[in-house]
Amino acid sequence: MTIKGVLFDFSGTLFRIESSESWLRAVLDEAGMTLPEPELLRTAAALEDAGALAGGSYPQHVPEHLTGAWATRDSTAELHRAAYTGLSRQVPLPDPALHDALYDRHMTPAAWAPYPDAAEVLEGLRSRGIAVGVVSNIGWDLRPIFREHGLDPYVGAYVLSYEHGIQKPDPRLFATACDALGVIPQETLMVGDDRRADGGAAALGCAVHFVEHLPAADRPDGLRPVLDMVG
């Protein structure tokens, strides 16, 4: 099989969100608030357990009143915010407004870091004439993240679930991405970290390759096998 296009997931594949501790510190600093260090660490851990940081850990428990929003969170911007701020509100914060501030923070370029080999791999694909797309289950526009970190020039198309009202693993989202790149599924490789969501591309006929969802520093070269796969 000749690969003519590669689709990448965003979170946990090309980029990694900051830690819950860094996330909380940044929002408290912006608000001019402080917490005693032990309390800050406890609060950050509680937010992580709640699954309140999109791109971080999944919630250990989803409250019943949020199950609907959680299941469909990536289909609209409104549901995405409702799901994650709802999870966040399980954790007491010094000011209720901080829950929305935390959500807003996770959409900023400063909250994300590309994996160490992301630029190298994307540049390598471009140099070989391989079309590149990003297919993400998400509730907000991630394009500014790519622009800020210098990866936007390598991406030919962004297909974001909330813009289409379709979530992975629905094959229609992958089909939309293939169409946008002008490649057929049988000549396309999907790279992601979620076996269920990203694995949905296989139903369309795409090859699929999985990477581990790890902190960026712990996965310095997880994307490099992609270059070997495209020849």
Side-chain angles (χ1 to χ4, degrees), residues 3-17 54-56 73-77 80 106-185 187-202 204 206-214 216 219 222-227 229-230:
I3 297 295
K4 295 184 177 178
V6 179
L7 304 175
F8 288 95
D9 173 52
F10 165 57
S11 174
T13 301
L14 288 174
F15 281 83
R16 173 72 186 210
I17 192 69
R73 64 192 179 281
D74 296 312
S75 61
T76 72
H80 196 269
H106 105 277
M107 297 187 288
T108 64
W112 295 88
Y115 280 91
D117 56 347
E120 170 195 339
V121 170
L122 293 177
E123 169 62 34
L125 292 172
R126 183 171 71 172
S127 70
R128 299 173 198 198
I130 307 294
V132 171
V134 171
V135 184
S136 178
N137 276 355
I138 199 166
W140 48 273
D141 186 6
L142 53 70
R143 294 172 183 87
I145 310 295
F146 281 78
R147 289 196 293 268
E148 180 71 20
H149 290 281
L151 299 188
D152 180 64
Y154 305 118
V155 181
Y158 296 92
V159 177
L160 312 181
S161 60
Y162 84 103
E163 293 181 341
H164 298 273
I166 302 169
Q167 300 181 154
K168 296 183 289 185
D170 192 319
R172 291 177 296 168
L173 204 63
F174 304 106
T176 299
C178 289
D179 289 345
L181 291 181
V183 295
I184 62 172
E187 296 177 339
T188 302
L189 172 66
M190 175 66 206
V191 181
D193 68 300
D194 187 318
R195 292 183 178 273
R196 177 181 175 274
D198 300 314
L204 198 64
C206 299
V208 182
H209 174 67
F210 295 107
V211 295
E212 293 186 85
H213 185 109
L214 294 171
R219 209 195 74 197
L223 292 167
R224 286 186 184 142
V226 172
L227 295 178
M229 297 177 73
V230 301

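Keep in mind that this is a model prediction, so the values were computed, not measured. Hydrogens, waters and symmetry mates play no part in the numbers below; they use all other heavy atoms, side chains included.
Side-chain contact between Met229 and Val6 is absent, with no heavy-atom pair separated by less than 4.5 Å. Using a 4.5 Å heavy-atom cutoff, the side chains of Val159 and Val134 are not in contact. Phe10 places none of its side-chain heavy atoms less than 4.5 Å from the side chain of Leu160. For the pair Phe210/Asp193, no side-chain contact is recorded, criterion being any heavy-atom separation below 4.5 Å from C-beta on. Inter-residue side-chain proximity for Pro144 and Met107 is flagged as unmet; no heavy-atom pair is nearer than 4.5 Å. Inter-residue side-chain proximity for Ser75 and Ile166 is flagged as unmet; no heavy-atom pair is nearer than 4.5 Å. Annotation: side chain of Val191 is not in contact with side chain of Leu7 (no heavy-atom distance under 4.5 Å).
For the residue pair Phe174 and Asp198, the shortest heavy atom distance occurs at CZ-O, 3.9 Å. Residues Ala216 and Pro116 approach most closely at O-CD, 3.4 Å, considering heavy atoms.
Note on Asp141 versus Arg143: salt bridge recorded, some NZ/NE/NH1/NH2 to OD/OE distance being below 4.0 Å. A salt bridge links Lys168 with Asp9: at least one charged nitrogen is closer than 4.0 Å to a carboxylate oxygen.
Note that CG of Leu223 and NE2 of His209 are 7.5 Å apart. Values are rounded to the nearest 0.5 Å. Atoms CG and SG, on Leu189 and Cys206 in that order, are 8.5 Å from each other to the nearest 0.5 Å. Atom CD1 of Ile130 sits about 7.5 Å away from atom CD1 of Ile3, to the nearest 0.5 Å. Atom CD1 in Ile138 sits 12.0 Å away from atom CD in Gln167 (nearest 0.5 Å). Taking NE2 of His164 as the reference point, atom CG of Asp170 lies at 11.5 Å (rounded to 0.5 Å). Of the inter-residue distances, the one linking Leu14 atom CG with Ser136 atom OG reads 10.0 Å to the nearest 0.5 angstrom.
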Assess whether salt bridge (Lys or Arg N to Asp or Glu O under 4.0 Å) is satisfied between Arg196 and Asp194, documenting all intermediate values.
CA-CA 6 Å; Arg196 177 181 175 274; Asp194 187 318; over 6 Å; no

Please determine whether side chain to side chain contact (heavy atoms under 4.5 Å, CB included) holds for the pair Phe8 and Met190, giving the CA-CA distance in whole Å, both sets of side-chain angles, and the decisive distance to 0.1 Å.
CA-CA 6 Å; Phe8 288 95; Met190 175 66 206; 5.9 Å; no

Apply side chain to side chain contact (heavy atoms under 4.5 Å, CB included) to Ser11 and Asn137, showing your working.
CA-CA 9 Å; Ser11 174; Asn137 276 355; over 6 Å; no

Does Asp74 form a side chain to side chain contact (heavy atoms under 4.5 Å, CB included) with His80? I'd like the steps, not just the answer.
CA-CA 6 Å; Asp74 296 312; His80 196 269; 3.3 Å; yes

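At least one donor-acceptor pair under 3.5 Å links the side chain of His149 to the backbone N or O of Pro109.
Taking the ring centre of Tyr115 as origin, the terminal cationic atom of Arg219 falls inside the region bounded by 6.0 Å and 45° from the ring axis.
Taking the ring centroids of Phe146 and Tyr154, they lie at or beyond the 6.0 Å cut-off.
Judged purely by distance below 3.5 Å, without hydrogens or angles, the side chains of His213 and Arg16 pair a donor atom with an acceptor atom. Under 3.5 Å, the side chains of His106 and Trp140 contain a donor-acceptor pair of N or O atoms.
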